[in-house]
Structures are given as C-alpha cells and as structure tokens.
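Each remark here refers to the structure printed beneath this line.
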There are 2 protein chains.
Amino acid sequence: MDWELDKKRPLCPQICEQLCIMIARDDLKPGDKIMSVREVALLAQVTPNTVQKSYEQLEQQGVIYSRRGAGWFVSENQEIAQDVRKQYIRSKTEEYIRNMQILGLTGDEIETYVKEFINE
Amino acid sequence: MDWELDKKRPLCPQICEQLCIMIARDDLKPGDKIMSVREVALLAQVTPNTVQKSYEQLEQQGVIYSRRGAGWFVSENQEIAQDVRKQYIRSKTEEYIRNMQILGLTGDEIETYVKEFINE
DNA sequence: ACAACTGTATTATTGTAGTGATACAGTAAT
DNA sequence: ATTACTGTATCACTACAATAATACAGTTGT
C-alpha cells in the first residue's frame with residue numbers, strides 16, 4: 001500500500017478508501033490487526049488524530065473495530081469483507097457507466113472505450 | 001442540466017464539471033453564451049461568488065471566457081470543446097480501470113462487470 | 001513491575017471553502 | 001439616457017478539516 005494521499009482533497013475519506021481497498025484485495029483478512037493510528041499517521045504524513053477519525057468512521061460501518069490499548073482489527077464477520085469488495089466494484093462501475101451515459105454514449109461505445117484503454 | 005450539487009463536497013469542482021459535461025454533450029457549442037453567475041447561483045443554491053470562482057477556473061483552462069458586462073461564453077476555439085469531451089472520457093475511463101486493476105481484476109473480468117451493469 | 005506500545009480525549013490554532021452583503025463598472029435593449 | 005442586466009471586487013463572517021501538542025488509560029511482552 002502506498003499511503004501517498006492527495007493533500008488537496010479531504011484526507012479522512014482517502015484513508016478510509018485505502019483501508020477498504022486493502023480489505024477488498026484480501027491483503028487484510030477478517031480478524032487481522034491493522035496498522036496503528038500513529039503508524040499510519042507517520043507513513044501518510046498526517047496527524048494521528050486524522051487517522052483516528054478515519055478509523056472511527058469505518059468502525060461505524062462495522063468494517064473494523066478497536067480494542068483499547070491493543071489496536072485496531074478487521075471485523076471477524078466474513079460477510080463484511082466480501083461486501084466491501086462487492087460494494088466497491090458496484091459503486092465504481094455504476095458511477096463510471098452513469099458518467100458515460102450522461103455524455104450520450106451507448107452501451108457498445110462504453111464497452112469499446114473500456115477495451116481500448118485496457119490495452120495500454 | 002440539473003444543478004443539484006452535493007453540498008457535502010467542494011462546490012467549485014462540481015460546477016466546473018457540470019459545465020464541462022454540457023460542453024462535452026454539445027449542449028453548449030463554441031461561442032455560446034452560458035448562464036450568468038447570478039443565474040447559476042440561484043439554480044444551484046449557491047453564492048454568486050462561488051460560481052464566479054468556478055468560471056474563473058475554467059477560464060484559466062481556456063474553456064470559457066468573459067466579456068465584462070456582457071456575460072460568459074464558451075471558447076470559440078473548436079478544438080477545445082472536442083478536447084473537453086475526449087479528456088473527460090479518457091480520464092474517467094482510465095481512473096475506473098485503474099481502480100479495478102488495483103483490486104486484482106483482469107481485463108476480461110472488468111469487461112464482464114461493465115456489460116453486466118450496463119443492462120440495468 | 002516495567003517499558004513500550006496501543007487507543008482515546010482535549011484544547012487551541014491554522015487554512016480554506018463558501019456565505020452574505022454590498023458596491024462598482026461595463027453592456028445591451030428600450 | 002435610462003433601465004436592467006452583466007462581470008468584478010471586497011470585507012467580515014461561518015463552518016469545517018486538519019494540525020500540533022499533550023495527557024490519560026488500557027494491553028502486551030519481557
């Protein structure tokens with residue numbers, strides 16, 4: 001994982017997305033310990049406070065949880081990890097197709113562009 | 001055009017994108033007069049100041065230009081309108097594919113998802 | 001028990017996007 | 001010329017994200 005954030009965009013959502021990607025890639029499996037607030041803060045060049053907030057947001061979604069003093073862990077619930085992956089793919093794909101359709105592109109045209117840009 | 005902005009995200013980029021989409025759709029053609037700062041402000045429920053800033057950003061990119069007292073217009077340069085469309089498609093498509101590849105999806109898998117979600 | 005790590009909380013401060021109000025200046029139609 | 005529209009500029013204000021510094025509390029390994 002790179003942890004090179006775009007400092008010109010809100011950081012919390014970016015940190016959340018990075019974590020979700022790692023879970024969706026199965027780099028982080030259910031129950032795994034994840035990097036500490038301070039550790040990520042150092043790598044991502046942000047304040048521990050910012051990472052804390054990001055983690056708390058993901059906790060609210062049931063994706064991760066904390067044990068005071070021990071650390072943060074990926075939810076043991078197997079379904080959630082799968083959902084994170086499915087949701088990520090679904091939302092990104094739907095958003096992409098919607099954007100292209102707004103321009104008036106047909107389904108075939110969209111498929112053509114995707115094929116074209118995959119070979120690069 | 002809807003002008004229903006997401007108030008929880010930065011507004012200027014959203015206004016810029018809406019304009020670019022209208023140009024990419026050919027709803028606005030080179031030389032066309034576009035809605036005034038105050039008009040858009042009213043429709044989008046934002047401050048004229050915010051729209052002004054957005055327009056100035058697009059002006060810097062050469063997409064539109066202003067005539068003091070008269071209004072804002074789409075650049076007469078034909079190439080720019082075409083570029084806006086091409087750039088929009090290219091950047092969105094590349095971003096989408098990159099996101100999917102990060103998850104480990106193959107080209108075929110990506111194409112399959114796109115086809116699947118187009119039929120909905 | 002101790003040291004070194006964890007999460008958590010608080011406070012003050014900074015930077016910035018957007019608001020709201022107002023004013024001035026140029027254009028265009030009547 | 002007047003009126004009603006444009007763009008442009010400024011100022012004080014609000015809201016919020018993120019920083020920076022610090023402190024406290026719980027866990028873990030030695």
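Predicted model, so just to flag it, every value in this text is computed and none were measured.
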### Query
How close or far is atom P of dC5(C) from atom CE of Met35(A), stated in whole angstroms?
17 Å
### Task
Check whether more than 12 heavy atoms from other residues, nucleotides or ligands sit under 6.0 Å from atom OH of Tyr113(B), and answer yes or no.
no
### Message
Other residues, nucleotides and ligands only: do more than 12 of their heavy atoms fall within 6.0 Å of CD on Glu4(B)?
### Response
no
### Query
So what does Glu59(B) hit on the nucleic acid, given a heavy-atom distance under 4.0 Å: a base, only sugar-phosphate, or nothing?
nothing
### Ile34(A) CD1 to dT6(C) P, straight-line distance once rounded to whole Å
12 Å
### Message
Whole angstroms only, please: what is the CG-C1' distance between Leu42(A) and dC5(C)?
### Response
14 Å
### Query
Within this structure, what is the NZ-to-C1' distance between Lys33(B) and dA29(C), rounded to whole angstrom?
13 Å
### Task
Answer with base, sugar-phosphate or nothing: what part of the nucleic acid does Arg67(B) contact at a heavy-atom distance below 4.0 Å?
sugar-phosphate
### Query
What residue pairs, at least two apart or across chains, pass side-chain hydrogen bond (donor to acceptor under 3.5 Å, both in side chains) with a residue in residues 65-74 of chain B?
Tyr65(B)-Glu76(B)
### Query
From the 5' end of DNA chain D to its 3' end, which nucleotides mark the outer limits of contact with chain B, defined by a 4.0 Å heavy-atom distance cut-off (strictly under)?
dT6(D) to dT10(D)
#### Entry: dC5(C) OP1/OP2 closer than 4.0 Å to side-chain N/O of Ser36(A)
no
### Message
Are more than 12 heavy atoms, taken from residues, nucleotides or ligands other than Tyr96(A), located less than 6.0 Å from that residue's OH atom?
### Response
yes
## Note on the structure
When the rotation axes relating C1' atoms of four end pairs to the next four are compared across the helix from dA1(C)-dT30(D) to dT30(C)-dA1(D), five pairs an end, they differ to 10° by 20°
### Any donor-acceptor N or O pair under 3.5 Å, side chains Gln57(A), Gln61(A)
no
### Query
For the pair made of CZ in Arg38(B) and P in dG26(C), what is the distance, rounded to whole Å?
15 Å
### Query
Whole-Å distance between dT10(C) P and Lys53(A) NZ?
13 Å
#### Entry: Distance, rounded to the nearest Å, where Gln52(A) contributes CD and dT8(C) contributes P
5 Å
### Query
Counting only heavy atoms not in Lys33(A), do more than 12 fall under 6.0 Å of its NZ?
yes
### Query
Does OP1 or OP2 of dA17(C) have a side-chain N or O of Thr50(B) closer than 4.0 Å?
no
### Query
If you take all heavy atoms of Pro10(A) and Gln14(A), which pair is closest and at what distance?
O-NE2, 3.1 Å
### Query
Testing Arg98(A), Lys92(A), Arg90(A) for salt bridge (charged side-chain N to carboxylate O under 4.0 Å, His left out) with Glu94(A), which one passes?
Arg90(A)
### Query
With a 3.5 Å cut-off and no angle check, do the side chains of Gln78(A) and Gln82(A) form a donor-acceptor pair?
no
#### Entry: Whole-Å distance separating the OH atom of Tyr55(A) from the P atom of dA9(C)
17 Å
### Task
Specify the residue among Gly69(B) and Pro13(A) whose closest nucleotide of DNA chain D lies further upstream toward the 5′ end.
Gly69(B)
